[in-house]
Protein chains: 2
Amino acid sequence: MIDSRLLTLRTFASCGTVSTTAELTGYSPSAVSAQLRELQRSLDMQLLVKDGRGLRLTAAGRYLVKRSDTLIAEWESIKAAALRAGDQTPTHFGMGGFSTAASNLLAPLAAHVKRERPGVQVHVLEASPARCLDLLVAERIDLAVVVASQAEVDVDGDPRFEQISLLNDPLDVIVPADHAVAGNGPVTLEELSGEEWITDVPGTPYHDLFTAAFSALGLTPRVSHEAAEWDTSTALVEAGLGIGLVPRLASLEGARNVVRVRIAGQRRPTRKIVAAVRSGSAGSPLITESLAYLRATAQEILASRLDDES
Amino acid sequence: MIDSRLLTLRTFASCGTVSTTAELTGYSPSAVSAQLRELQRSLDMQLLVKDGRGLRLTAAGRYLVKRSDTLIAEWESIKAAALRAGDQTPTHFGMGGFSTAASNLLAPLAAHVKRERPGVQVHVLEASPARCLDLLVAERIDLAVVVASQAEVDVDGDPRFEQISLLNDPLDVIVPADHAVAGNGPVTLEELSGEEWITDVPGTPYHDLFTAAFSALGLTPRVSHEAAEWDTSTALVEAGLGIGLVPRLASLEGARNVVRVRIAGQRRPTRKIVAAVRSGSAGSPLITESLAYLRATAQEILASRLDDES
DNA sequence: TCGATCATGCAGCCATTATGCATGAATGTC
DNA sequence: GACATTCATGCATAATGGCTGCATGATCGA
């Protein structure tokens with residue numbers, strides 16, 4: 001409902017060049033250039049000035065971008081309240097999340113919504129946290145479940161999003177069943193720093209989490225193997241080629257001869273899993289309902305962990 | 001900046017049928033129908049329901065229209081603040097007003113702006129109060145000077161506008177120089193109820209004002225002649241064909257052998273002249289400046305009247 | 001000075017959107 | 001009760017607007 005040219009300006013503000021804006025938005029550079037020119041013309045305002053071979057926002061442009069967040073949030077809030085005022089529910093509802101979230105949290109949620117609201121077409125989409133947020137902004141989905149630290153943008157501070165904490169998902173070590181620490185109580189990463197590790201290829205969200213876990217302790221693990229999916233890395237562990245870190249949420253169904261060992265210590269690595277919605281949209285009936293359901297599901301997961309530990 | 005389809009919905013909300021919306025917006029009925037359908041599709045919301053052979057807004061639709069006023073006002077306010085933040089002034093500035101306002105208030109203002117801001121292209125447009133407000137909403141002009149009672153819409157109560165009172169413009173009687181009341185002090189309309197009157201054709205803003213002045217006193221004047229412009233009616237008065245009412249602001253330059261006589265009484269007819277801007281836009285540099293100038297001009301006019309009366 | 005990296009303008013193309021007429025439904029009228 | 005009106009809407013056609021791809025000019029680094 002808000003003019004797309006303003007959204008283009010927002011993208012430009014966050015990346016700084018016309019070409020990159022074009023890549024991010026999917027337009028051609030000429031289109032972005034034309035849009036920005038047209039925006040300035042129709043607003044009768046100078047938003048950009050030449051700066052070397054690039055462009056720079058003027059004070060007016062910066063201000064416009066800053067306030068546009070609140071404008072968009074208000075629009076979302078109006079939409080949500082209109083649905084409530086008319087006692088309506090949307091016919092389409094999209095949610096996105098990364099792999100483990102999709103299976104553990106979104107799948108039950110989607111089933112719940114389909115059951116409670118048979119008229120609603122529910123759409124689940126699995127994608128990386130960063131991509132989920134992009135899709136959220138682009139209104140391709142209405143709800144995202146992401147790992148706060150893997151989102152590239154600061155979900156908490158970004159005015160485009162509202163964040164709802166769901167649960168802290170600690171990382172466990174998976175080792176072969178005959179490993180020295182198998183069956184023990186919690187171990188520290190220091191104890192395992194000499195091991196050969198299996199992780200994902202650099203540049204992936206999980207790899208970043210992996211290295212962050214060690215560098216927080218001043219350690220640099222020896223990485224012997226790289227695997228993209230849990231099943232693969234589990235197989236590598238089974239084969240005795242090394243050990244790995246897996247989030248508690250990742251089930252190891254079907255994995256034989258490996259053991260999950262908890263990590264001890266104050267600074268043990270965890271993923272903070274949060275739900276994110278477009279600012280202002282939290283009041284929309286389906287979203288309010290979904291967030292409540294997600295919170296409940298997260299509580300159940302936490303409760304079942306306590307049972308395990310007792 | 002706000003999607004045009006939402007503006008179309010607003011127009012529909014105020015007039016109630018697709019055909020009239022088409023007339024008011026300049027679209028064809030099919031276009032309006034398609035826009036409303038598309039709006040509902042993209043919002044995934046039912047805004048309209050069939051009602052007889054027409055359409056009716058749903059609760060959600062009514063709510064959306066109501067809140068869209070605040071959204072548009074916020075956007076105006078953002079634009080205004082962005083201009084201030086960047087210390088910019090628009091290059092175009094449009095103002096509209098009805099005849100006497102245009103000459104007495106807008107002409108000096110336009111001259112003032114041109115003098116103070118040589119870079120600004122000032123555009124003055126003379127139109128009826130009702131049309132001025134339409135042009136204001138359509139962003140064809142940025143400032144309107146209207147008669148509050150002639151605007152068809154309630155300028156004060158309409159959230160689309162902000163109103164600034166300028167002055168009360170009383171109506172005087174113009175009579176031939178040899179008329180019985182010429183040169184007297186104030187007269188009452190009752191005294192003149194037997195006269196033959198000259199006014200505008202029915203349906204015009206001035207005619208409405210004319211009849212309102214009499215019906216407020218329970219009188220029905222005898223209308224002998226109808227003239228669209230002050231010059232014409234003045235000529236008719238000069239010719240001894242009747243007498244008329246003219247606002248104080250209307251100068252009678254060039255009129256010979258006619259006399260302006262003030263009207264006495266508590267309920268003497270006046271026009272309330274106000275400046276109107278789009279809600280939120282009052283903070284824009286040119287508008288702030290212009291409103292101050294208009295207020296000052298109005299004060300000068302009032303002051304010169306006091307001088308006359310002393 | 002050369003090459004790389006920008007933004008921008010222009011010709012051509014495609015998609016979105018409006019138009020005009022025909023249709024169907026609902027209402028009031030004689 | 002038949003007819004004329006007044007609505008909204010759908011479809012085929014036409015036009016407008018917006019995007020792409022390439023060429024150009026400007027700026028900066030080597």
Side-chain angles (χ1 to χ4, degrees), chain A residues 1-62 64-65 86 91 134 138-140, chain B residues 1-62 64-65 86 91 134 138-140:
Chain A
M1 192 57 33
I2 308 296
D3 197 302
S4 63
R5 297 169 302 178
L6 188 60
L7 306 179
T8 305
L9 182 72
R10 270 157 57 97
T11 311
F12 175 88
S14 69
C15 72
T17 73
V18 171
S19 351
T20 336
T21 307
E23 278 175 32
L24 291 177
T25 55
Y27 290 118
S28 70
S30 340
V32 172
S33 178
Q35 281 191 10
L36 295 177
R37 176 158 27 90
E38 176 59 19
L39 181 63
Q40 296 182 85
R41 198 201 56 76
S42 74
L43 291 182
D44 198 6
M45 236 185 258
Q46 186 164 9
L47 305 173
L48 303 157
V49 282
K50 284 220 159 95
D51 183 29
R53 55 189 157 185
L55 292 178
R56 191 164 38 86
L57 282 172
T58 63
R62 277 193 302 277
L64 210 63
V65 168
T91 61
D134 282 345
E139 303 192 46
R140 290 273 304 278
Chain B
M1 193 54 33
I2 309 295
D3 197 301
S4 63
R5 297 168 303 180
L6 188 60
L7 305 179
T8 304
L9 181 73
R10 267 157 59 98
T11 311
F12 175 89
S14 69
C15 73
T17 73
V18 171
S19 351
T20 340
T21 306
E23 278 176 30
L24 291 177
T25 54
Y27 289 117
S28 68
S30 329
V32 172
S33 178
Q35 282 191 10
L36 295 178
R37 178 158 25 93
E38 174 60 18
L39 180 64
Q40 297 182 84
R41 198 201 56 77
S42 74
L43 290 183
D44 198 5
M45 236 185 258
Q46 186 162 9
L47 305 173
L48 303 156
V49 282
K50 284 219 160 98
D51 182 30
R53 54 186 159 189
L55 293 178
R56 191 164 38 86
L57 282 172
T58 62
R62 274 193 304 277
L64 209 62
V65 168
T91 61
D134 282 344
E139 303 192 46
R140 289 271 306 276

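Proteins come first, then strands; the chains are lettered A, B, ... in the order of their sequence lines, and each starts at number 1. Everything numeric here is computed off the predicted structure, so don't read it as measured data.
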Looking across every strand, which nucleic acid part, if any, lies under 4.0 Å from B/E38 by heavy atom: base, sugar-phosphate, or nothing?
-> nothing
Side chains of A/M45 and A/T58 in contact at under 4.5 Å (non-hydrogen atoms) | no
Is any side-chain heavy atom of B/I2 less than 4.5 Å from a side-chain heavy atom of A/D3?
-> no
Taking the side chain as C-beta and beyond, is there a heavy-atom pair between A/L64 and A/L6 under 4.5 Å?
-> yes
Within residues 40-52 of chain B: residues closer than 4.0 Å to DNA chain C (heavy atoms) = B/G52
Is any side-chain heavy atom of A/M1 less than 4.5 Å from a side-chain heavy atom of B/L39?
-> yes
Taking all atoms of both residues into account, what is the closest heavy-atom pair of B/F12 and B/T21, and its distance?
-> CA-OG1, 3.3 Å
In degrees rounded to 10°, what angle is found between the helical axes fit to the five outermost pairs at each end of the helix from C/dT1-D/dA30 to C/dC30-D/dG1?
-> 20°
Let me know, please, whether A/R53 or A/S4 comes out on the 5' side of the other along DNA chain D by nearest nucleotide.
-> A/S4
Heavy-atom pair of closest approach, residues B/G61 and B/L47 = CA-CD2, 3.8 Å
Whole angstrom is fine here: how far is it from CZ in B/R37 over to P in C/dA18?
-> 11 Å
For residues 30-37 of chain B, please give each side-chain donor-acceptor pair under 3.5 Å, one per line with the distance, not counting sequence neighbours.
unit_1: B/Q35; atom_1: OE1; unit_2: B/T8; atom_2: OG1; d: 2.5

Between N or O atoms, less than 3.5 Å apart, protein on one side and nucleotides 13-16 of chain C on the other: list the pairs.
none

Of all nucleotides in DNA chain D with an atom under 4.0 Å from a non-hydrogen atom of chain A, which is the first and which the last going 5' to 3'?
-> D/dC19 to D/dC28
Could you walk me through whether B/L57 and B/L48 pass the side-chain contact (heavy atoms from CB on, under 4.5 Å) test, one step at a time?
-> CA-CA 4 Å; B/L57 282 172; B/L48 303 156; 3.5 Å; yes
Just how far is it from atom OG of A/S4 to atom CG of A/L9, taken to the nearest 0.5 Å?
-> 11.5 Å
What closest approach, in Å, do A/P29 and A/A22 show between heavy atoms, and which atom pair accounts for it?
-> N-CB, 3.6 Å
OG1-CZ distance between B/T25 and B/R10, expressed to the nearest 0.5 angstrom = 13.0 Å
To the nearest 0.5 Å, how far apart are OG1 in A/T91 and CD in B/Q46?
-> 10.5 Å
Closest contact, heavy atoms only, B/A59 versus A/G86 | CB-CA, 3.7 Å
How long is the line joining CZ of B/R56 and C1' of C/dA25, in whole Å?
-> 17 Å
For DNA chain C, which residues in residues 14-25 of chain B have a heavy atom at a distance below 4.0 Å?
-> none
Does some side-chain heavy atom of A/S42 sit less than 4.5 Å from a side-chain heavy atom of A/R5?
-> yes
